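Residue numbering restarts at 1 for every chain, and letters A, B, ... go by the order of the sequence lines. All values below were derived from every heavy atom in this structure, side-chain atoms included, with hydrogens, water molecules and symmetry-related copies excluded. Nothing here was measured: the structure is a model prediction, and the numbers come from that model.
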2 protein chains.
Amino acid sequence: MAECLFREQGYDATTVDHIAERAGISQRTFFRYAGTKEDLVLSDFERQGERMVDVLRSRPATENPWTSLRHAFEVVVASRGEQSDRDRAKLMYSIIESSPALRAAYLDRMDLIQRGLVDVLLDRPTGTDNRVVTRALVGAAFAALNAVIETCDPDSNGPDTFAADLDHVLAQLEPTSTRI
Amino acid sequence: MAECLFREQGYDATTVDHIAERAGISQRTFFRYAGTKEDLVLSDFERQGERMVDVLRSRPATENPWTSLRHAFEVVVASRGEQSDRDRAKLMYSIIESSPALRAAYLDRMDLIQRGLVDVLLDRPTGTDNRVVTRALVGAAFAALNAVIETCDPDSNGPDTFAADLDHVLAQLEPTSTRI
DNA sequence: CGCATCTTTGGCAGTCACTGTCAGCTGTGA
DNA sequence: TCACAGCTGACAGTGACTGCCAAAGATGCG
C-alpha cells in the first residue's frame, strides 16, 4: 500500500496525509493504527526480531551461542526464499537507506532485538552470566548479518547466495573462544 | 549549557525554544548554529568518530585490522581519563538512553563512523578488498566497544577499568581468523 | 424493534522540530 | 560617510504526532 507511494515519490516526500488519503481513512485513524510513519516500514523487521527471539529460546541451552544465533538468523534467511521476497527486501532496504531518520529508527529496532537475544542467552543455566561479553557476542553476530544484508549484491542474486554468504562471514567472524 | 536543562528536566521535555531562550538567542539562530537538537548531544561523538578514522589511517597498513581498531578505540578510552570526563560521559549516555529518537540518532552516527573505518581498511594495499567481511569485522569491534560502554558499571569505577574491560572483551571476540 | 452501551472514526486544535524568506542591524573597507 | 557583506531575528509555513470530543457504527439485551 504505502510502499508504492514510497517507491514512487520517496519516503520523505510522501506525507502521512497523502498515505491516509490513499488508504481512504483520516489522518487521525492512520496514526491510531500505524502508530508512526516509520512503523509502516519497520514493523516487518520488528516481527522478524520477535521470531528470532523465539527461535533462540527454542535452541538447546548447551548449544554454542554462536551456532544458536545462526539458527535464529534462519528467520531472515527464510524471509528471502522466493525471488519476490528478495525484491521486496531490496525495496525495503532502499527505502530505509533513503531517509536518515528512517535508517536511524531501523538501527534502533535492530538494537532492541539484540537486547532481547542477549536476555535469552543470559537466561541459560549453562554459559556465563557475563552480560558484557554476551552483549558483544550478539552484536558481533548481528554485524555479520547486517554486513551481508547491506553488501549483498542486489541484482543477479542466485537463489541462496544469502545463506552461503552469511555462513561464510559468520565463520570468518567466529570468536576465538567460541565457547564463552 | 543545554546539558544542564536536559539533566534537570529531561531531553524530550526540554524544547528548543527553552534552550534558545536560556542561551539568549532566537530559535532561528539556534537552528543555524546547532543544526539540530540532537546534534547538541551527538556532535561530541561525531568528532570522536573523525578522530578514530584519523587514528586508523595512521596505523601501518600491515597491522592486524583488529589491533588497528583497538588503537582507534583509544580515542574513546582517552576521553575517559579524568573522573570528570567519566561523569560527563555517564550523563551523556543517560540522556541518550532517555529518548528513543535520540538513541536512534546515536546508533546512526555510530554506523556512519563504522562505514568510515571500513573505507580506511579497504584502502589498505595489503589485506583483502572483501567489503562484506571488513564491514562485519568493524561491526564486531564496535559491538565490543558499545557493550563495554553500555554495561560499564556507572559508579565506583576504578580509573582505567574501561580500557581493561575493552581489552578483555576484544580479546574474547577476536575472530578465529584474525588475519583476514 | 427499541434502547443502551461500547467501540470506531473523524475533525479540530495544539505542540514541537525544523525551514525559507525577508527585513533590519552590525561591522568593515574605501 | 557610504556601500556592501554577514549576522540576526521575526514571521509564516510544513509535517509528524497527540489529546479531546462529538458523531457514527456495531453489539447486546429485553
Exercise for the section: Rounded off to whole Å, could you give me the CG-to-P distance for the B/D12 and D/dA16 pair? Expected result: 19 Å
Sequence-distant partners of [X], salt bridge (Lys or Arg N to Asp or Glu O under 4.0 Å), two or more places apart:
| X | answer |
| --- | --- |
| A/E21 | none |
| A/R47 | A/D44 |
| B/D111 | B/R115, B/R135 |
| A/D12 | none |

Side-chain atoms of residues 27-35 of chain B: list all donor-acceptor pairs with protein atoms under 3.5 Å, sequence neighbours left out, distances to 0.1 Å.
residue, atom, partner, partner atom, Å
B/Q27, NE2, B/D17, OD1, 3.0
B/T29, OG1, B/S26, OG, 3.0

Practice task
Look only at the side chain of A/W66 and the backbone of A/L173, and say whether a donor-acceptor pair between them is shorter than 3.5 Å.
Solution key: no
Practice task
List in chain and number order the residues that pass side chain to side chain contact (heavy atoms under 4.5 Å, CB included) with B/D119, two or more places apart in sequence or in another chain; answer none if no residue qualifies.
Solution key: B/R131
Problem - Selection: residues 15-37 of chain B, any non-hydrogen atom under 4.0 Å of DNA chain D - result: B/I25, B/S26, B/R28, B/T29, B/R32, B/Y33
Fill in the blank from the handout: the helix from C/dC1-D/dG30 to C/dA30-D/dT1: angle between terminal helix axes, five bp per end, to the nearest 10 degrees, reads 10°
Can you give each donor-acceptor pair under 3.5 Å made by side-chain atoms of residues 53-61 of chain A, sequence neighbours left out, with the distance rounded to 0.1 Å?
residue, atom, partner, partner atom, Å
A/S58, OG, A/V55, O, 2.6
A/R59, NE, A/E63, OE1, 3.0
A/R59, NH2, A/E63, OE2, 2.7

